[in-house]
Amino acid sequence: QVLLVESGGGLVQAGGSLRLSCAASGRTFSSSAMGWFRQVPGKEREFVAASSSSGRSTYYAASVKGRFTISRDNAKNTVYLQMYSLKPEDTAVYYCAAASLVAVSTTQNEFDYWGQGTQVTVSS
């Protein structure tokens with residue numbers, strides 16, 4: 001069992017930055033690929049960024065590439081999403097997720113554990 005708790009969301013003006021954190025419990029974090037997803041009410045949840053278990057491989061959605069950075073600290077059981085140059089269209093609930101595999105994945109159904117989500121609101 002893995003428990004994921006996100007933090008760091010909030011209200012920011014367009015062009016600003018935020019860093020989301022996701023703290024994981026359980027002893028399997030260092031062998032788990034991690035991902036960030038987001039969802040807007042009325043729309044399907046979408047992929048944002050993912051990291052392999054080691055952190056050496058990462059992948060980003062085209063809409064955030066160059067603006068967001070995923071990283072992880074396996075010693076702290078924490079994955080981060082640094083977001084720069086935020087846009088109003090980045091407004092969503094952001095979820096972190098853990099997969100029982102080591103390779104990077106962008107597929108939601110490969111992620112077994114999900115956090116409760118943290119709201120990010122970008123004002124124009």
Side-chain angles (χ1 to χ4, degrees):
Q1 185 74 15
V2 176
L3 178 64
L4 303 174
V5 180
E6 301 100 334
S7 62
L11 174 64
V12 63
Q13 289 189 331
S17 62
L18 280 175
R19 188 176 81 156
L20 305 183
S21 299
C22 175
S25 65
R27 56 183 176 84
T28 62
F29 181 81
S30 61
S31 60
S32 300
M34 298 295 294
W36 285 96
F37 296 80
R38 65 187 182 187
Q39 188 170 25
V40 175
K43 294 188 176 181
E44 291 187 356
R45 188 164 53 192
E46 65 176 7
F47 166 76
V48 175
S51 167
S52 62
S53 61
S54 67
R56 287 192 288 270
S57 295
T58 58
Y59 194 83
Y60 298 92
S63 59
V64 307
K65 194 171 184 180
R67 300 188 298 121
F68 290 11
T69 301
I70 186 172
S71 63
R72 62 191 295 160
D73 185 336
N74 285 350
K76 296 182 178 180
N77 279 14
T78 302
V79 64
Y80 305 97
L81 185 68
Q82 178 67 57
M83 305 184 292
Y84 295 104
S85 302
L86 283 161
K87 305 175 181 180
E89 51 264 43
D90 294 318
T91 295
V93 176
Y94 283 71
Y95 299 90
C96 74
S100 299
L101 46 83
V102 298
V104 66
S105 173
T106 65
T107 306
Q108 293 192 44
N109 61 15
E110 291 189 331
F111 288 84
D112 306 293
Y113 303 99
W114 294 80
Q116 82 289 348
T118 186
Q119 176 71 45
V120 172
T121 303
V122 184
S123 62
S124 57

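Between Ser31 and Ser53, the shortest heavy-atom contact is C-CB, 3.6 Å. Taking all atoms of both residues into account, the shortest heavy-atom contact from Val104 to Ser51 is CG2-N, 3.9 Å. Closest approach of Asn74 to Ser54, counting heavy atoms only: ND2-CA, 4.4 Å. Shortest non-hydrogen contact noted between Ser105 and Leu101 is CB-CD1, 4.3 Å.
For the salt bridge (charged side-chain N to carboxylate O under 4.0 Å, His left out) test, residues two or more places apart in sequence or in another chain that qualify with Glu46 are Arg38. For Phe111, the ring-ring contact (aromatic ring centres under 6.0 Å, His included) criterion is met by Phe37, not counting sequence neighbours.
Follow the hydrophobic side-chain contacts under 4.5 Å out from Trp114 and you reach Val93 in the same cluster. Hydrophobic cluster membership differs between Phe47 and Tyr113, with clusters built from Ile, Leu, Val, Met, Phe, Trp and Tyr side chains linked at under 4.5 angstrom.
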Let me have the donor-acceptor pairs involving side chains of residues 117-124, under 3.5 Å, with sequence neighbours excluded, atom names and distances please.
{"from": "Thr118", "atom 1": "OG1", "to": "Gly9", "atom 2": "N", "distance (Å)": "3.3"}
{"from": "Gln119", "atom 1": "NE2", "to": "Ala92", "atom 2": "O", "distance (Å)": "3.4"}
{"from": "Gln119", "atom 1": "NE2", "to": "Thr121", "atom 2": "OG1", "distance (Å)": "3.3"}

Give every donor-acceptor pair under 3.5 Å between a side-chain atom in residues 79-89 and any protein atom, sequence neighbours left out.
{"from": "Gln82", "atom 1": "NE2", "to": "Leu18", "atom 2": "O", "distance (Å)": "3.3"}

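With hydrogens and angles disregarded, a donor-acceptor distance shorter than 3.5 Å links the side chain of Asn77 to the backbone of Gly26. When atom types are taken as modelled, the side chain of Glu6 and the backbone of Leu20 share no donor-acceptor pair closer than 3.5 angstrom. Between the side chain of Tyr60 and the backbone N or O of Ile70, at least one donor-acceptor pair lies under 3.5 Å.
In this pair, Phe68 and Tyr94 present their aromatic rings tilted. The plane angle is within the 30 to 60° band.
Residues in residues 63-82 take part in these salt bridge (charged side-chain N to carboxylate O under 4.0 Å, His left out) pairs, two or more places apart or across chains: Arg67-Asp90. Within the structure, no pair that satisfies the side-chain hydrogen bond (donor to acceptor under 3.5 Å, both in side chains) test touches residues 9-26, not counting sequence neighbours.
Tyr95 is not listed as a side-chain neighbour of Gln108, based on a closest heavy-atom distance of 4.5 Å or more.
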